[in-house]
Amino acid sequence: MGVLSFLFSSSLGRKLVMAVTGIALIAFLLVHCLINAMVLLNDGGQTFNEAARFMAENPFIRISEILLFVGFLLHIAQGLYLTFDNRKRRAAKYTGNPGNANSKWYSRSMGFLGTIILIFLVLHLKHFWVVSRFHAPHALGEITYANGDTMENLFLEMASVFTNPIAVVIYVLGCFSLAYHLLHGFSSAFQTFGVNHKSYTPIIASVGAAFSIIVPLIFAIIPVVMHFGIIK
Amino acid sequence: MNINLKVWRQRNQNSEGRFEEYKVQASPDMSFLEMFDVLNEQLIEDGKDPVAFDHDCREGICGMCSMVINGRPHGPKQGVTTCQLHMRSFSEGDTIVVEPWRANAFPVIKDLSVNRGAFDRIIASGGYVSVNTGNAVDANSILIPKEVADEAFEAATCIGCGACVSACKNASAMLFVGAKVTQLSMLPQGQPERQARVVAMVNQMDAEGFGACTNTGACAAECPKQIPLSVIANLNREYYKAKLNGK
């Protein structure tokens with residue numbers, strides 16, 4: 001552990017932890033988003049429910065889930081530590097305010113955006129993850145499709161959660177925070193890894209911007225279309 | 001032109017500071033520091049304490065001047081130091097807020113003058129190359145490709161003024177340390193101490209109480225020498241490599 005202790009003691013080590021866990025969480029978001037997008041196929045949730053069953057039963061996915069939790073905890077703990085510690089480094093504050101003249105507001109607000117995402121995450125896990133993993137088997141109700149396959153109906157759970165307009169608003173706000181968090185975080189992680197190059201950096205920035213808009217947009221569309229009954 | 005100033009006055013490191021308001025008649029062709037010279041002459045004539053501020057060469061290369069003007073280190077212009085900022089960048093009747101660099105690692109000595117000794121201690125911890133003394137070595141005995149020399153020189157233009165720390169919301173010194181580490185790690189003369197240097201400088205930077213970098217880019221945007229953010233990426237690479245080698 002001695003050789004890795006800098007990850008929790010030095011300023012550069014701490015930000016490496018933020019970047020590595022951040023990229024891991026981005027990879028998770030991509031998988032999550034692809035599965036959610038299956039809801040939009042509008043096939044009564046069959047493809048989505050099949051994918052959800054695969055995710056719940058595949059041992060590789062279940063092990064990855066534990067790693068994902070470790071990643072989340074490290075990212076949250078280290079992020080909160082850095083936010084509060086960095087704030088203490090300037091005890092006397094400035095009176096003059098440069099506004100957005102030298103940096104983007106969301107780059108300066110990662111701790112705040114992250115906290116909103118954390119609050120959303122707790123609610124989100126309670127809505128779906130806890131229900132699908134820990135409740136008694138078949139608590140969600142089962143559905144049998146035309147091909148004879150019977151499985152838990154997570155799609156129905158989504159439809160019932162999103163009948164509540166407050167839940168829809170919270171989910172959309174969570175996606176907004178996620179979009180701005182990613183807009184800084186995606187390219188910032190590469191800068192932390194030491195990737196800053198006149199040809200590659202603009203590509204990373206464009207891919208990052210596209211990811212930050214498309215992924216949260218797909219996430220945000222689902223509660224809205226389910227609430228208004230466009231997808232049933 | 002008539003300028004209203006709100007200037008930070010602080011007797012010493014331990015006393016409480018406050019803003020004081022002054023009116024100054026300045027010419028648009030004056031530099032910002034010359035406008036302060038006019039203010040100080042006025043204050044001395046009135047039997048008051050002149051405003052303490054750092055300055056030396058007044059041609060943008062010494063790195064002594066350090067004023068946060070309307071919330072921005074070295075004022076609103078890009079790529080200039082306070083001494084090269086002219087009053088024509090402001091308008092008649094403007095109220096200008098002038099503060100010192102604010103960071104725990106840069107304690108105020110008096111008024112607008114801060115102690116930047118932390119930078120000196122970071123340099124002393126590893127920002128140098130060790131050479132044997134004796135006859136001067138011929139400048140061309142070590143061949144360095146032009147593009148490498150150019151990139152090292154770009155980093156070497158850092159004047160160590162501390163605007164990066166002053167602009168950063170975390171009061172982080174990574175643009176400064178990144179510039180020094182980049183300059184020395186690119187050149188053959190810097191190789192023997194390359195890995196020990198970066199670890200020692202980062203340790204000293206952390207010990208001085210600077211914050212951690214969160215890649216907002218404010219430092220590079222405000223740097224009067226326009227040191228690019230890529231020096232911080234390079235600092236990260238150098239540091240992680242040294243750490244993986246057990247330094």
Side-chain angles (χ1 to χ4, degrees), chain A residues 2-7 9-20 22 78-79 81-111 114 184-198 200-201, chain B residues 6 8 10 17 19 68-73 76 96-100 102-105 108 165-174 198-199 202-203 205-206 209-222 228-241 243-246:
Chain A
V3 78
L4 292 178
S5 63
F6 78 100
L7 294 174
S9 56
S10 100
S11 54
L12 267 73
R14 285 181 177 279
K15 81 169 178 176
L16 183 60
V17 172
M18 292 308 287
V20 170
Q78 196 84 291
Y81 175 89
L82 282 170
T83 302
F84 287 109
D85 188 65
N86 280 336
R87 199 168 289 179
K88 283 190 291 198
R89 304 299 176 161
R90 175 172 294 125
K93 305 292 176 204
Y94 285 114
T95 300
N97 180 4
N100 295 324
N102 56 27
S103 55
K104 300 270 192 268
W105 72 266
Y106 49 84
S107 294
R108 301 191 303 268
S109 315
M110 290 299 275
H184 174 81
F186 192 103
S187 47
S188 177
F190 286 90
Q191 161 81 5
T192 297
F193 293 143
V195 181
N196 190 317
H197 185 277
K198 57 180 182 292
Y200 303 137
T201 298
Chain B
K6 274 180 81 174
W8 185 258
Q10 186 171 339
F19 281 101
V68 174
I69 300 161
N70 289 337
R72 300 186 64 184
I96 306 172
V97 180
V98 187
E99 301 166 80
R102 294 194 193 275
N104 298 1
V108 170
V165 174
S166 152
C168 174
K169 78 176 180 69
N170 310 324
S172 169
M174 288 201 198
V198 64
V199 173
V202 169
N203 287 347
M205 172 180 81
D206 286 350
F210 294 103
C213 172
T214 51
N215 300 333
T216 69
C219 52
E222 297 291 10
L229 213 53
S230 57
V231 300
I232 299 183
N234 188 59
L235 171 69
N236 299 340
R237 277 201 305 275
E238 292 289 325
Y239 181 77
Y240 301 145
K241 252 187 270 176
K243 275 297 182 188
L244 288 175
N245 279 314

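Just so it is clear: chains get the letters A, B, ... in the order the sequence lines come, proteins before strands, and each one is counted from 1.
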**OP:** Could you tell me the separation between the OG atom of Ser107(A) and the CG atom of Asn215(B), rounded to the nearest 0.5 Å?
**Re:** 8.5 Å
Subject >> CZ on Arg108(A) to OG1 on Thr214(B), rounded to 0.5 Å >> reply: 10.5 Å
Original post:
Of the backbone (N, CA, C, O) and the side chain (C-beta and beyond), which part of Ser166(B) lies under 4.5 Å from a heavy atom of chain A, both, or neither?
Top reply: both
Original post:
Backbone N or O of Gly13(A) within a donor-acceptor pair of the Tyr239(B) side chain at under 3.5 Å?
Top reply: no
Subject >> Closest non-hydrogen atom pair between Lys15(A) and Tyr240(B), with its separation >> reply: CG-OH, 4.0 Å
Subject >> For chain B, the option from Tyr106(A), Phe193(A), Tyr94(A) that forms the most heavy-atom pairs under 4.5 Å >> reply: Tyr94(A)
Subject >> Any side-chain heavy-atom pair of Met174(B) and Leu12(A) under 4.5 Å >> reply: yes
**OP:** Identify which part of Ile96(B) has an atom lying under 4.5 Å from any heavy atom of chain A, answering side chain, backbone, both or neither.
**Re:** neither
Original post:
Most heavy-atom pairs under 4.5 angstrom with chain A, which of Ala220(B), Gly246(B), Cys168(B)?
Top reply: Cys168(B)
Subject >> Heavy-atom contact with chain A under 4.5 Å, split by part of Pro100(B) >> reply: backbone
Subject >> Contact summary for Gly96(A) and Val97(B), nearest pair of heavy atoms >> reply: N-CG1, 4.4 Å
Original post:
Can you name the closest pair of heavy atoms from Lys243(B) and Phe6(A) and give their distance?
Top reply: CE-CB, 3.7 Å
Subject >> Minimum heavy-atom distance Arg72(B)-Pro98(A), with the two atoms named >> reply: CG-CB, 3.6 Å
Subject >> Closest-packed option against chain B by number of heavy-atom pairs under 4.5 Å, given Val195(A), Thr192(A), Thr83(A) >> reply: Thr192(A)
**OP:** Under 4.5 Å, counting heavy-atom pairs only, tell me which of Ser172(B), Gly217(B), Cys213(B), Pro76(B) racks up the most with chain A.
**Re:** Cys213(B)
**OP:** Go through the atoms of Cys219(B) and report whether side chain, backbone, both or neither lie under 4.5 Å from a heavy atom of chain A.
**Re:** neither
Original post:
Heavy-atom distance under 4.5 Å between the side chains of Lys169(B) and Ser103(A), does that happen here?
Top reply: no
Subject >> Phe19(B), CZ: over 12 other non-hydrogen atoms inside 6.0 angstrom >> reply: yes
Original post:
Is it the side chain or the backbone of Phe190(A) that comes within 4.5 Å of chain B heavy atoms, both, or neither?
Top reply: neither
Original post:
Which one, Ser9(A), Gly99(A), Ser187(A), Ser188(A), leads in non-hydrogen pairs under 4.5 Å with chain B?
Top reply: Ser188(A)
**OP:** Select one option (side chain, backbone, both, neither) describing which atoms of Ile69(B) are under 4.5 Å from chain A's heavy atoms.
**Re:** neither
**OP:** Return yes if some donor-acceptor pair links the side-chain N/O of Asp206(B) with the main-chain N/O of Ser11(A) below 3.5 Å, else return no.
**Re:** yes
Subject >> Pick from Val202(B), Ile232(B), Leu229(B), Asn234(B) with the largest number of heavy-atom pairs that fall under 4.5 Å of chain A >> reply: Leu229(B)
**OP:** Using modelled atom types only, decide if a donor and an acceptor are shared between the side chain of Asn196(A) and the backbone of Ala233(B) within a distance under 3.5 Å.
**Re:** no
Subject >> Option that, when pairs with chain A are counted at under 4.5 Å, heavy atom only, ranks first among Ala103(B), Pro228(B), Gly71(B), Ala221(B) >> reply: Gly71(B)
**OP:** Counting only heavy atoms closer than 4.5 Å, note whether Leu82(A) contacts chain B via side chain, backbone, both or neither.
**Re:** side chain
Original post:
Just by modelled atom types, is the Ala212(B) backbone N or O under 3.5 Å from a matching donor or acceptor in the Asn86(A) side chain?
Top reply: yes
**OP:** Hey, could you give me each pair passing salt bridge (Lys or Arg N to Asp or Glu O under 4.0 Å) that has a residue in residues 86-106 of chain A? Not counting sequence neighbours.
**Re:** Asp85(A)-Arg89(A)
